[in-house]
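Numbers here are sequence positions counted from 1. This one's a predicted model, so the numbers in the text were calculated from it and none came from an experiment.
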Amino acid sequence: LRRQRQMCIRDRYNLWSHLDLSDRLLLLFLPRIVQPDPLRFITALTGVFCVLLACASGFGICFIHNWKATELINVLPVLILGIGVDDMFVICNAIDQTPLNLPPSERIKRGMQHAGPSITITSLTDAMAFFIGSTSSMLAIKAFCIFCGVTVIMLYLSVITIFLSVVVWDSTGSVSYTHLRAHETPE
């Protein structure tokens with residue numbers, strides 16, 4: 001009995017046992033996600049802000065037009081977060097793949113030449129799929145698809161304007177262009 005009581009007390013104070021799978025994965029991979037560079041942290045926070053802004057503006061547009069909301073739209077922010085993180089990752093990865101010895105404006109230009117069509121096509125096809133789904137006769141599915149389609153469009157606009165502006169600011173501040181020019185090797 002005493003041993004069971006000790007095990008119960010130990011388990012009660014064991015934080016790991018109270019976390020669900022997503023929390024455990026976050027704690028395991030958090031050191032790899034959070035970089036010491038504070039500018040990337042600000043970029044990541046801006047990405048989350050863009051998702052929240054897209055959800056708020058998408059819901060606002062839908063409510064202004066008196067579209068009825070159902071309980072199914074409660075999962076919409078998670079869905080939009082996934083689409084938004086994908087768009088943001090594509091943009092940052094395309095810019096990071098450009099040579100560091102280029103000026104920041106040229107790196108952004110080359111990165112967006114690759115990332116721009118990709119996120120435009122995926123956002124438009126996602127929105128189109130949701131709008132086609134809104135032709136359903138089921139009211140809950142119809143409302144969910146309308147809300148999702150409008151929110152995906154608002155997400156695309158916020159990523160292209162707000163998030164990309166912060167990425168431009170990040171790329172001009174995080175790379176010392178003069179330092180790279182000083183160490184450039186002649187070809």
* What is the minimum heavy-atom distance between T98 and A94, and which atoms define it? -> CG2-O, 3.5 Å
Side chains of residues 131-138: which donor-acceptor partners sit under 3.5 Å, not counting sequence neighbours?
residue	atom	partner	partner atom	Å
S134	OG	F131	O	2.5
T135	OG1	I132	O	2.6
S136	OG	M138	N	3.2

* To do: Identify the two heavy atoms, one from V75 and one from L72, that lie closest to each other, and give their separation to 0.1 Å.
  => CG2-O, 3.2 Å
* Structure fact -> Nearest heavy-atom approach of P77 to I73 is CD-O, 3.8 Å
* Asked: Is L45 reachable from F49 through a run of hydrophobic residues whose side-chain heavy atoms are each under 4.5 Å from the next?
  -> no
* Of the non-hydrogen atoms in R107 and I95, which two are nearest, and what is the gap between them? -> NH2-O, 3.0 Å
* To do: Locate the shortest heavy-atom distance separating V167 from C92; write the atom from each residue and the value.
  => CG2-SG, 4.2 Å
* To do: Drop me the distance from I141's CD1 to I146's CD1, to the nearest 0.5 angstrom.
  => 12.0 Å
* Separation of R110 CZ from Q97 CD (nearest 0.5 Å) -> 13.5 Å
* Asked: Do the side chains of V48 and V85 join up, straight or via other hydrophobic residues, at under 4.5 Å, putting them in one cluster?
  -> no
N/O donor-acceptor pairs under 3.5 Å from side chains in residues 121-128, not counting sequence neighbours:
residue	atom	partner	partner atom	Å
T122	OG1	S118	O	3.1
T122	OG1	I119	O	3.2
S123	OG	D87	OD2	3.4
S123	OG	I119	O	2.9
T125	OG1	I121	O	2.9
T125	OG1	T122	O	3.0

* Asked: Rounded to the nearest 0.5 Å, how far does OG1 of T43 lie from CH2 of W169?
  -> 7.0 Å
Donor-acceptor pairs under 3.5 Å, side chain of residues 150-165 to any protein atom, not counting sequence neighbours: which ones?
residue	atom	partner	partner atom	Å
T151	OG1	F147	O	2.6
Y156	OH	T120	OG1	2.7
S158	OG	C50	O	3.4
S158	OG	M154	O	3.3
S158	OG	L155	O	3.0
T161	OG1	L157	O	2.7
S165	OG	T161	O	2.5

* To the nearest 0.5 Å, how far apart are CD1 in I108 and CE in M112? -> 8.5 Å
* **Separation between CG of L53 and OG1 of T46, rounded to the nearest 0.5 Å** => 11.5 Å
* Asked: Taking all atoms of both residues into account, what is the closest heavy-atom pair of F130 and L79, and its distance?
  -> CZ-CD2, 3.6 Å
* **Nearest-0.5 Å distance, CE of residue M88 to CD1 of residue I83** => 11.0 Å
